[in-house]
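I have placed the structure first, in the form of structure tokens, so that the comments after it can refer back to it.
Both counts, for ligands and for their atoms, begin at 1 and track the order of listing.
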Amino acid sequence: MKLILLGIQGSGKSTQGSLLKKKLGLEYLSTGHIFRDIAKEVTPLGRKIKETMNAGYLIPDKQTLKIVSEYLKRPEYEKGYILDGFPRTVKQAETFQNGIDKVIYLNVTDKEALWRLSFRNNDDAREDESLAAIRKRIMLYHKYTDPVLGFYKKQGKLIEVDGEKKITDIHKEIIAKLGIKNHKK
Ligand code: AMP
């Protein structure tokens with residue numbers, strides 16, 4: 001099964017992604033993690049990605065698509081995966097035609113996401129999480145990623161869940177909406 005998790009930063013994508021990974025035995029891949037790893041490299045690409053992320057901007061579509069396709073060629077992703085943070089633009093969604101089964105949208109308000117992020121403990125704090133960068137990212141999310149929801153809705157692939165409920169309830173709702181009963185790995 002190939003799943004996509006969509007939602008603004010702070011909507012609980014990585015929490016739900018790791019629960020789904022456990023439940024469904026699928027690989028989990030987050031483009032945010034990938035880019036944070038590349039940003040640590042002392043290379044021109046690493047520096048560029050770091051600057052872009054820290055300013056709260058999106059990595060250009062062409063570069064993102066190239067990096068994601070390279071990762072997904074690895075044998076561990078052959079059977080399926082949960083993608084978190086990608087696609088972020090309609091261009092990415094249109095170009096990435098990989099037999100996606102369902103797209104899970106964790107719906108939380110901007111206010112709730114901002115509140116959650118400001119309470120992330122220091123161990124989890126990220127360099128790209130200054131308040132200004134977060135606000136810019138939320139603004140960019142609405143501009144570029146909201147239309148991605150419509151793209152998948154038209155294809156009948158969108159599953160919308162209320163991301164403000166309890167973590168376990170959200171997980172149960174996702175499993176139910178995926179039509180999974182006693183899924184075994
Ligand atoms: P995230 O952890 O998903 O919030 O991603 C952190 C940062 O990585 C984003 O603010 C972007 O700069 C970059 N990024 C992650 N996924 C994408 C994507 N699909 N397209 C462009 N940039 C991305």
Side-chain angles (χ1 to χ4, degrees), residues 2-21 27-41 43-74 77 81-98 100 103-152 157-158 163:
K2 292 175 181 171
L3 301 174
I4 285 175
L5 277 166
L6 286 180
I8 45 177
Q9 195 185 358
S11 61
K13 288 178 296 194
S14 64
T15 305
Q16 292 303 326
S18 57
L19 289 173
L20 280 173
K21 175 186 162 127
E27 290 297 322
Y28 169 77
L29 185 68
S30 144
T31 46
H33 290 174
I34 296 175
F35 288 135
R36 275 189 288 284
D37 279 347
I38 299 176
K40 284 184 205 143
E41 292 167 9
T43 59
L45 176 68
R47 212 180 95 193
K48 187 90 192 32
I49 298 255
K50 185 173 177 179
E51 280 170 7
T52 309
M53 288 176 76
N54 287 356
Y57 287 113
L58 290 175
I59 311 300
D61 286 336
K62 210 171 149 200
Q63 216 162 19
T64 301
L65 282 156
K66 187 165 172 254
I67 291 168
V68 173
S69 342
E70 282 300 317
Y71 263 79
L72 292 178
K73 276 187 201 145
R74 296 181 182 180
Y77 300 114
Y81 46 77
I82 305 159
L83 258 179
D84 166 351
F86 175 91
R88 286 270 235 285
T89 65
V90 170
K91 173 82 187 160
Q92 290 179 11
E94 279 170 354
T95 313
F96 181 77
Q97 298 284 357
N98 247 33
I100 293 302
V103 177
I104 302 153
Y105 169 46
L106 296 171
N107 191 357
V108 304
T109 60
D110 295 358
K111 199 173 148 202
E112 171 71 15
L114 275 168
W115 187 86
R116 288 181 187 180
L117 291 168
S118 58
F119 279 91
R120 252 189 205 179
N121 72 42
N122 284 337
D123 294 343
D124 291 340
R126 286 171 13 198
E127 225 179 308
D128 62 339
E129 279 189 348
S130 70
L131 198 61
I134 293 168
R135 282 189 194 283
K136 183 172 306 148
R137 204 171 297 118
I138 289 180
M139 186 270 285
L140 289 177
Y141 180 89
H142 291 304
K143 185 169 174 194
Y144 294 109
T145 314
D146 278 349
V148 175
L149 299 176
F151 177 85
Y152 287 117
K157 291 185 178 170
L158 194 72

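- Within ligand 1, counting atoms from 1 as listed, the ones closer than 4.0 Å to a heavy atom of Gln92 are 18 (C), 19 (N), 20 (N), 21 (C).
- At least one test fails for Arg88 against the ring of Phe86: distance under 6.0 Å to the centre or angle within 45° of the axis.
- By heavy-atom distance, the residue among His33, Gln9, Met53, Arg88 lying nearest atom 5 (O) of ligand 1 is Arg88.
- Ion pairing of Glu112 with Arg116 is present here, as a side-chain N (NZ or NE/NH1/NH2) and a carboxylate O approach within less than 4.0 Å.
- Taking any N or O of Lys13, backbone or side chain, none lies under 3.5 Å from an N or O belonging to ligand 1.
- A donor-acceptor pair is defined here as one N or O able to donate and one able to accept, closer than 3.5 Å; such a pair exists between the side chain of Ser18 and the backbone of Thr15.
- Distances between N or O atoms of Thr31 and those of ligand 1 include at least one value under 3.5 Å.
- Remark: ligand 1 and Asp84 share no N or O pair separated by less than 3.5 Å (distance only, no angle test).
- For Arg74, the CZ atom is densely surrounded, since the number of other residues' heavy atoms within 6.0 Å is greater than 12.
- Inter-residue side-chain proximity for Leu29 and Ile82 is flagged as unmet; no heavy-atom pair is nearer than 4.5 Å.
- Remark: ligand 1 and Arg36 share an N or O pair separated by less than 3.5 Å (distance only, no angle test).
- Annotation: Phe35 places no N or O atom under 3.5 Å from an N or O atom of ligand 1; distance criterion only.
- No more than 12 heavy atoms of other residues, nucleotides or ligands sit less than 6.0 Å from atom NZ of Lys91.
- The closest heavy-atom contact to atom 11 (C) of ligand 1, among the options Tyr57, Phe96, Tyr144, comes from Tyr57.
- With hydrogens and angles disregarded, no donor-acceptor distance shorter than 3.5 Å links the side chain of Lys13 to the backbone of Gly85.
- Close approach of ligand 1 to Phe86 is summarised as follows: ligand atoms under 4.0 Å from at least one heavy atom of the residue are 19 (N).
- Residue Thr64 touches ligand 1 through its side chain alone, judged by heavy-atom distances below 4.0 Å.
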